[in-house]
Amino acid sequence: TVKFEIITDLDGKIAKLSNLYLGPNHDFKIRMNEFKIPPHITLIGDLGYFGYEKIHTKTITPTKRKKNQNLSKEVKTRNREIPKQRIAIEHVFASMKRFFKVNGDIIVRTFCNVGVYTFFTAASARMGDDTILAVNTILLQLFTLFSYMNDGFAYSAEALTGRFIGARDGVSLRDCIKKCLLWGLAVSVIYVGVYVGWWRELLSLFLDSGAGDTEKILEYAGRYIGWIIAIPLAASMPFIMDGIMVGATRSRIMRNSMIAASACYFAILYGLGWLIGNNALWLAFTLYMFLRGVFQYFMSDRLRSIYHEA
């Protein structure tokens with residue numbers, strides 16, 4: 001358990017954030033370990049701060065019911081009014097909880113993504129052919145070039161989705177998502193055309209023309225270039241969907257889709273690796289990218305749950 005104290009003004013502006021405390025720590029204990037509040041400031045706290053008025057006279061907390069003694073009507077009314085005065089801090093806590101939840105989901109997504117990419121290189125190395133390892137590494141660079149471009153639309157989708165949901169502008173949200181997906185697909189088609197027409201020239205940029213094995217690497221790359229041509233189309237949707245889910249703070253969908261797609265990646269690789277070798281690795285990677293988008297689309301009820309947010 002990690003606990004910390006937040007002090008805000010009545011408008012919800014954070015004035016002070018305490019240190020982090022590990023393990024079970026009472027709110028009162030944390031307050032005692034933190035800075036002393038100036039005597040002219042009124043502190044409004046919950047029952048966790050009960051008794052702090054003995055240290056800081058301008059402290060307002062609910063009154064506890066003593067054993068075998070009921071609270072008066074006036075005291076009960078006062079206790080109900082205090083949470084209304086603390087509504088700003090409750091909104092801050094809710095926002096921070098959502099912030100940490102989203103970031104936690106993104107961390108899980110990152111672990112899955114890094115695991116897939118790391119295992120891709122490791123599996124290439126275990127095939128026992130240095131040429132295969134070199135070819136896979138270089139071909140993956142072509143995918144990286146594509147991903148940098150599509151990530152731009154993903155960031156746009158993230159920012160604009162959050163903006164239109166916050167503005168409760170469902171019409172603009174639908175238009176934004178539609179255009180981001182179409183632009184992502186358009187960029188994918190352009191990359192497919194470039195890879196079809198000039199893949200040898202692009203790969204040559206990563207090779208030493210004077211090396212003796214250059215032609216061998218290009219010959220091997222020609223066997224698997226079809227995967228690189230297909231991947232932009234398979235990967236156009238998941239990049240944009242990631243941005244949409246983060247912008248809508250529906251990161252759990254993104255996390256769960258990544259876990260499911262990663263499981264499919266390893267299942268395909270181990271299920272077909274013995275049969276089709278390096279093609280199984282590329283098939284697994286291509287479907288991993290494609291399924292990320294498909295899973296998010298259906299987990300969000302075909303984006304209806306995102307539109308509903310606005």
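Any value given below was found using the heavy atoms of this structure, including those in side chains, with hydrogens, waters and symmetry copies removed.
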How about S236 and N150: do any of their side-chain heavy atoms sit closer than 4.5 Å?
yes
Distance-only, no hydrogens or angles: does the T110 side chain make a donor-acceptor pair with backbone N or O of I106 under 3.5 Å?
yes
Can you sort out the partners of R174 under salt bridge (Lys or Arg N to Asp or Glu O under 4.0 Å), two or more places apart, ordered by chain and number?
none
Do M149 and F239 come close enough that some side-chain heavy atom pair is under 4.5 Å?
no
Flag the pair D105 / N256 as yes when at least one side-chain heavy-atom distance between them is below 4.5 Å, and no otherwise.
no
So, do R200 and I225 sit near enough that their side-chain heavy atoms are less than 4.5 Å apart?
no
For atom CG of L17, decide whether the heavy atoms of other residues, nucleotides or ligands shown that lie under 6.0 angstrom number more than 12.
yes
Verify same cluster id: Y148, I190 (apolar side-chain graph, 4.5 Å)
no
Has R31 got its NZ or CZ under 6.0 Å from the middle of the six-membered ring of F35, at an angle within 45 degrees of the ring axis?
yes
For Y191, enumerate each residue passing the ring pair (Phe, Tyr, Trp, His ring centres under 6.0 Å) test, keeping only those at least two apart in sequence or located in another chain.
F146, Y195
Please report the closest heavy-atom contact between G293 and M237, naming both atoms and the distance.
O-CE, 3.7 Å
Would you verify whether the NZ or CZ of R304 falls within 45 degrees of the ring axis of Y307 while also being under 6.0 Å from that six-membered ring's centre?
no
Does T57 have any side chain to side chain donor-acceptor pair (under 3.5 Å) partners at least two apart in sequence or in another chain, and if so, which?
none
Could you state the interatomic distance from CG (L303) to CD1 (I244), rounded to the nearest 0.5 Å?
5.5 Å
K36: salt bridge (Lys or Arg N to Asp or Glu O under 4.0 Å) partners, not counting sequence neighbours:
none
For the side-chain contact (heavy atoms from CB on, under 4.5 Å) test, which of I138, D213, I132 pairs with Y220?
I132
Grouping I, L, V, M, F, W and Y whenever their side-chain heavy atoms are under 4.5 Å apart, do F119 and I259 come out in a common cluster?
no
Sorted by chain and residue number, the ring pair (Phe, Tyr, Trp, His ring centres under 6.0 Å) partners of F4 (sequence neighbours excluded) come out as none
Without swapping roles, check the side chain of N103 against the backbone of F99 for a donor-acceptor pair under 3.5 Å.
yes
Residue pairs meeting salt bridge (charged side-chain N to carboxylate O under 4.0 Å, His left out), one or both in residues 7-16, sequence neighbours left out, come to none
Can you tell me if Q296 and D242 form a side-chain donor-acceptor pair at under 3.5 Å?
yes
Criterion salt bridge (Lys or Arg N to Asp or Glu O under 4.0 Å) on E309 and R250, from CA distance to verdict
CA-CA 10 Å; E309 294 285 334; R250 300 299 297 274; 3.6 Å; yes
If Ile, Leu, Val, Met, Phe, Trp and Tyr residues are connected whenever their side-chain heavy atoms lie under 4.5 Å apart, and connections chain through other members, are V194 and L145 in the same group?
yes
Hydrophobic cluster identity match, F111 and M258, side-chain contacts under 4.5 Å:
no
Partner residues of E215 under the side chain to side chain donor-acceptor pair (under 3.5 Å) criterion, sequence neighbours left out
none
Could you pull out all residues at least two apart from E158 that satisfy salt bridge (Lys or Arg N to Asp or Glu O under 4.0 Å)?
none
R255 side chain near I107 side chain, heavy-atom distance below 4.5 Å:
no
Group every Ile, Leu, Val, Met, Phe, Trp and Tyr by side-chain heavy-atom contacts under 4.5 Å, then state whether F206 and I217 land in the same group.
yes
For Y49, the option from H56, H26, E5 that meets side-chain hydrogen bond (donor to acceptor under 3.5 Å, both in side chains)
E5
Hey, are the side chains of F295 and M241 touching, using non-hydrogen atoms and a 4.5 Å cut-off?
no
May I ask you to establish whether R98 and F100 are in a cation-pi arrangement, using a distance under 6.0 Å from NZ or CZ to the six-membered ring centre and at most 45° from the ring axis?
no
Sequence neighbours excluded, which residues qualify as ring pair (Phe, Tyr, Trp, His ring centres under 6.0 Å) partners of F120?
W282, F285
Heavy atoms of F164 and C176 approach each other most closely as CE1-CB, 3.7 Å
Under 3.5 Å, side-chain donor or acceptor atoms of residues 78-89 against the rest of the protein: list the pairs with distances, not counting sequence neighbours.
| from | atom 1 | to | atom 2 | distance (Å) |
| --- | --- | --- | --- | --- |
| R78 | NH1 | T61 | O | 3.1 |
| R78 | NH1 | T63 | OG1 | 3.2 |
| R78 | NH2 | T61 | O | 3.3 |
| N79 | OD1 | T63 | N | 2.8 |
| N79 | ND2 | T63 | O | 3.1 |
| R80 | NH2 | T77 | OG1 | 3.4 |
| E81 | OE2 | K84 | NZ | 3.4 |
| R86 | NH1 | E90 | OE2 | 2.9 |

Quick one: list whatever passes salt bridge (Lys or Arg N to Asp or Glu O under 4.0 Å) with K76, sequence neighbours left out.
none
First locate atom CD1 of I6, then atom CE of M96, and finally report the distance between them rounded to the nearest 0.5 Å.
4.0 Å
Just so I know, are the side chains of R163 and D169 near enough to count as touching, which here means a heavy-atom distance under 4.5 Å?
no
Would you name the heavy atoms of S204 and L218 that are closest together and state the gap between them?
OG-CD1, 4.3 Å
May I have the step-by-step check of side chain to side chain contact (heavy atoms under 4.5 Å, CB included) for Y288 and V116, ending in yes or no?
CA-CA 9 Å; Y288 157 76; V116 166; 3.8 Å; yes
Keeping the roles fixed (side chain from T59, backbone from L43), state whether a donor-acceptor pair exists under 3.5 Å.
no
For S18 and Y21, the nearest pair of non-hydrogen atoms, with its separation, is OG-CE1, 4.2 Å
Measuring from I240:CD1 to T161:OG1, what's the distance to the nearest 0.5 Å?
10.0 Å
Any chance CZ of F290 has more than 12 other-residue heavy atoms, nucleotides or ligands included, within less than 6.0 Å?
no
Just how far is it from atom CG of L173 to atom CD1 of I177, taken to the nearest 0.5 Å?
4.0 Å
Candidate pair N279 and L283, rule side chain to side chain contact (heavy atoms under 4.5 Å, CB included), full reasoning:
CA-CA 6 Å; N279 281 304; L283 174 63; 5.9 Å; no
State which residues pass side chain to side chain donor-acceptor pair (under 3.5 Å) with N25; sequence neighbours excluded, sorted by chain then number.
none
Could you walk me through whether L10 and I44 pass the side chain to side chain contact (heavy atoms under 4.5 Å, CB included) check?
CA-CA 10 Å; L10 292 177; I44 305 175; 4.3 Å; yes
Are I306 and M245 packed together at the side-chain level, in the sense that at least one heavy-atom pair is separated by less than 4.5 angstrom?
yes
How far apart are the C-alpha atoms of D46 and D27, what are their side-chain angles, what is the distance that settles it, and do they pass the side chain to side chain contact (heavy atoms under 4.5 Å, CB included) test?
CA-CA 9 Å; D46 58 16; D27 293 347; 4.1 Å; yes
Quick one: pull up OG in S172 and NZ in K179 and give me the separation to the nearest 0.5 Å.
9.0 Å
Any donor-acceptor pair under 3.5 Å from S251 side chain to M254 backbone
no
